[in-house]
Amino acid sequence: MRHHYGTTTLFFFITFLSLFSSKFASSLDTLTATQSLINGQTLISTSQGFELGFFTPGNSRNWYVGIWYKNIPRTYVWVANRDKPLSNSSGTFKIFNQSIALFDLAGKVVWSSNQTNARNPVMQLLDSGNLVLKEQVSESGQFLWQSFDYPTDTLLPDMKLGWDLNTGLDRYLSSWKSSEDPGTGDFSFKLEYHGFPEVFLWKDNEIEYRSGPWNGQRFSGVPEMKPVDYLSFNFITEQDEVYYSFHIATKNLYSRLTVTSSGLLQRFAWIPETQQWNKFWYAPKDQCDNYKECGAYGICDSNASPVCKCLKGFQPKNHQAWDLRDGSGGCVRKTNLECLKDKFLHMKNMKLPQSTTSFVDRSMSLKNCELLCSRNCSCTAYANSNISNGGSGCVIWTGELFDLRQYPEGGQDLYVRLAASDIGDGGSADTIIICIAVGIGILILSLTGFSIWKRKRLLSVCNGTQQKGPQERSQDLLLNEVVINKKDYSGEKSTDELELPLFDFSTIAAATGNFCDENKLGEGGFGCVHKGRLVEGQEVAVKRLSKKSGQGTEEFKNEVRLIARLQHRNLVRLLGCCIEMDEKILIYEFMENRSLDSVLFNKAKSSLLNWQRRFNIICGTARGLLYLHQDSRFRIIHRDLKASNILLDGEWTPKISDFGMARIFGGDQTQANTRRIVGTYGYMSPEYAMDGLFSVKSDVFSFGVLVLEIVCGEKNRGFYHSNSELNLLGNVWRQWKDGNGLEVLDISVGSSYSPSEVLRCIQVGLLCVQERAEDRPTMASAVLMLSSETASMPQPKTPGYCLGRSPFETDSSSSKQDESFTVNQVTVTVLDAR
Ligand SMILES: *[C@@H]1O[C@H](CO)[C@@H](O)[C@H](O)[C@H]1NC(C)=O
Ligand SMILES: *[C@@H]1O[C@H](CO)[C@@H](O)[C@H](O)[C@H]1NC(C)=O
Ligand SMILES: *[C@@H]1O[C@H](CO)[C@@H](O)[C@H](O)[C@H]1NC(C)=O
Ligand SMILES: *[C@@H]1O[C@H](CO)[C@@H](O)[C@H](O)[C@H]1NC(C)=O
Ligand SMILES: *[C@@H]1O[C@H](CO)[C@@H](O)[C@H](O)[C@H]1NC(C)=O
């Protein structure tokens, strides 16, 4: 077909001319009943956002009529005849018989919209991307038919996903068969309005994933979902309609939600600066997103291993399958319920169970909800239906609870019915009183012995005397995805094995001289750091977290346990923690040579860092970061990598600190802190500084800045402009381009260095700070490039310049300024939370 192009174009050109004179639209976005559209002609919405016309996807030989973005590389948002292709381009699209219809060359109707009772219909492509059929002169402004009611695989802003209960219309997304075939594929994303409404991703007739019900703020199973200034989410539950939609407040900003032919839900945002669709969110993300991964009454936790566990008071139905890590059989009660005597177990941070058959009362209080549930013997759980403003409304489940998962943060409270004997502590008022009484007794009895035990425990952990059996060891290796550089490992310890030493506050206060100023090592966004000496003589660094973390004690402990499990030669080792009242303290190993910035940017000390040391610091930091990104069982994005977070031990081995803070403080807090801590601006990738988008590649950017700082011995300043003389990245880039790379090397390095190593570091640094995240290498390739003389390296492109919203003067000690600086609300993407 393509080779006839010349003649066909000529043919169409003539047809076009003849049509144009008589029939073709006078207004570009509208077709009247007497006009028609053929291949080569398009309708364009008034503001030039969308275009409708004939197309053929990829190398397909079939022709379709569809809608795409006018000014963005071809992205189709709707296809009319998706399952009824034209075998060639000779078709006609027009109004016929009060409907919109597509005819083939023979004049046969290939596809048509439903018939309406229009008198004088016109079709129009609206600015929203909606193709509508309406009366030419219409008082009500109502549409007789609209493409938004028959979605293909894409949800556009203000398009409804869900039900019109009056007409029974169900609007849902269904995937293309493949990238070259828009025909209805295997996957669909449909809203279920029964019970407590939620949205399911289906593969044919099987559920693959569910969003969890809408809890007033977000889907219960999408804890990372947050409205941002320009993107908001709506969920409407009314008598005659139930739907989900999203809204974009800014013109010329595009976002779309699609279901791909491989069964992924993806939200994209168009980044005009990079001319790219950026993946903003996707699902399913991890094992725990698989529908019913842990069966009935099983809870999935993707940070645990194995991921499935039974709810308290339950045990695996099939122990053998469970031990082989197949949790899908679920769990059964240990003790049968007794109805009125039962109690409720309070669970936090949960994704609510599947709720298609649940009962909802949106006005009932939680107290009455509990009453309702406890009086109805088939009720198994209850929760608030809306978590806004401290919670309101009531939803109760009867029967088995399916597809539960627990998040480190962001889930919601769920109350599960248990036999009173299974509830243990903390059930209801009377059990609490008993617990307190018993608890005080035990506490008094054990207080003395306990603290001795703790000290021993700490020593054994630190000296590595807890050895693993060979079997456990090999299993651990299987669990870890990739093992590079085995010598760097001190080995992750499995959940059950790792007991994080808990210190009491008085011990810590004594060790640090009551947190006196002489012992203060520094102050960061997360709190103060003091030097301390334990009774045994061991020196430690004590980080007293600021109280704004807002995290509960249990969550904090979980996070700390997780961080403690990350062990690598280039990560600062966490030795223990202290949680007492509202104090949260982390105890780390002490680093003799303090932080990198205290040496590197100090004129008197910087000559201590000869080239060999600098190169080792660069490579060690790279390996530590690689471990966080890839080799540890949990992917950790540091979010705040900078010279002051690289600590140096007596041998000048670099150790990354403050990793995992994003998990303790939550993404928002980290950003708030990062933005408040002046100077950190210099390490921010453009996509983070401008759009708040975070990924491992943002860490790579920070790493690149760090490498260039280490080579040049100079600090990168905050916001800057591409041609600014003052800017480190710009300066290095210019010298590199001119072939004068070695000029930028810090003079305090002296004359003993390897020019090829220096140039290699500069090149890697520049590759890491490239503007587009996709261009930057992963840490795995950065490590490879740094360590190999022969690795081939691409030529770097222009570094990413954060064009400041305002020039931001840096002055690191002004706390007044810190407070008055308000933090813009920014997007948090937790793409990498596994
Ligand atoms: C287009 O397809 C129709 C049948 O669908 C056929 O009759 C016609 O000859 C084809 N035209 C071209 C140019 O291939
Ligand atoms: C118009 O549509 C109606 C209903 O679908 C159908 O019965 C009728 O035959 C159509 N008329 C023509 C001319 O195709
Ligand atoms: C026409 O209406 C039927 C039944 O109401 C519906 O199933 C079908 O999807 C509609 N098709 C179009 C293109 O409007
Ligand atoms: C949830 O509660 C908030 C505040 O009470 C209210 O504004 C909002 O409309 C509620 N949302 C739903 C879906 O009921
Ligand atoms: C318990 O609640 C369920 C769901 O609302 C309801 O169908 C059932 O009739 C109730 N049973 C009793 C005994 O009230």
Side-chain angles (χ1 to χ4, degrees), residues 155 157-166 169-173 189-201 209-249 255 257 265 267 281 283 346-373 379 381-398 403-405 407 409-415 550 666 668 825 827-828:
L155 193 74
D158 303 322
M159 195 166 162
K160 297 172 180 177
L161 180 81
W163 290 80
D164 179 334
L165 297 172
N166 285 332
L169 177 71
D170 178 15
R171 310 172 196 90
Y172 61 89
L173 306 182
F189 192 50
K190 283 188 188 184
L191 186 141
E192 168 61 61
Y193 68 87
H194 290 106
F196 195 18
E198 54 183 326
V199 197
F200 292 93
L201 177 68
Y209 161 81
R210 66 183 189 99
S211 66
W214 185 262
N215 61 25
Q217 294 185 352
R218 54 176 180 264
F219 289 113
S220 172
V222 191
E224 67 272 28
M225 187 170 183
K226 286 181 188 146
V228 286
D229 288 347
Y230 44 82
L231 172 63
S232 54
F233 307 100
N234 310 305
F235 197 96
I236 305 297
T237 316
E238 270 160 16
Q239 197 69 30
D240 47 7
E241 50 179 2
V242 183
Y243 66 84
Y244 160 76
S245 69
F246 66 97
H247 179 73
I248 299 275
S255 178
L257 179 71
L265 282 171
R267 174 178 293 283
W281 174 83
H346 180 182
M347 310 212 42
K348 288 183 167 176
N349 291 326
M350 300 295 290
K351 172 178 182 176
L352 295 183
Q354 181 175 351
S355 48
T356 314
T357 57
S358 63
F359 164 83
V360 190
D361 182 327
R362 290 178 197 276
S363 56
M364 193 180 280
S365 71
L366 196 63
K367 197 72 217 150
N368 287 336
C369 194
E370 176 176 348
L371 269 172
L372 181 70
C373 186
C379 173
Y382 70 93
N384 267 141
S385 62
N386 184 342
I387 62 167
S388 302
N389 286 349
S392 60
C394 170
V395 46
I396 68 172
W397 285 263
T398 50
D403 204 36
L404 289 160
R405 71 177 287 187
Y407 298 104
E409 59 184 326
Q412 64 197 85
D413 293 357
L414 175 71
Y415 303 84
D668 285 353
Q825 196 179 13
T827 334
V828 190

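Just follow the structure's listing: the first ligand is 1, and inside any ligand the first atom is 1.
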Please check this pair: side chain of Glu198 against backbone of Ser355, looking for a donor-acceptor N/O pair closer than 3.5 Å. yes
Please check if a non-hydrogen protein atom sits closer than 4.0 Å to atom 14 (O) of ligand 4. yes
Spell out, as yes or no, whether a donor-acceptor pair under 3.5 Å connects the side chain of Tyr407 to the backbone of Gly221. yes
Between Glu241 and Lys160, is the closest basic N to carboxylate O distance under 4.0 Å? yes
For Phe219 and Trp214, take the angle between the two ring planes, folded into 0 to 90°, and tell me which bin it lands in: parallel under 30, tilted 30 to 60, perpendicular over 60. perpendicular
With heavy-atom distances below 4.0 Å as the criterion, list the atoms of ligand 4 near Asn386. 1 (C), 2 (O), 3 (C), 8 (C), 10 (C), 11 (N), 12 (C), 14 (O)
Heavy-atom protein contact below 4.0 Å for atom 5 (O) of ligand 4: yes
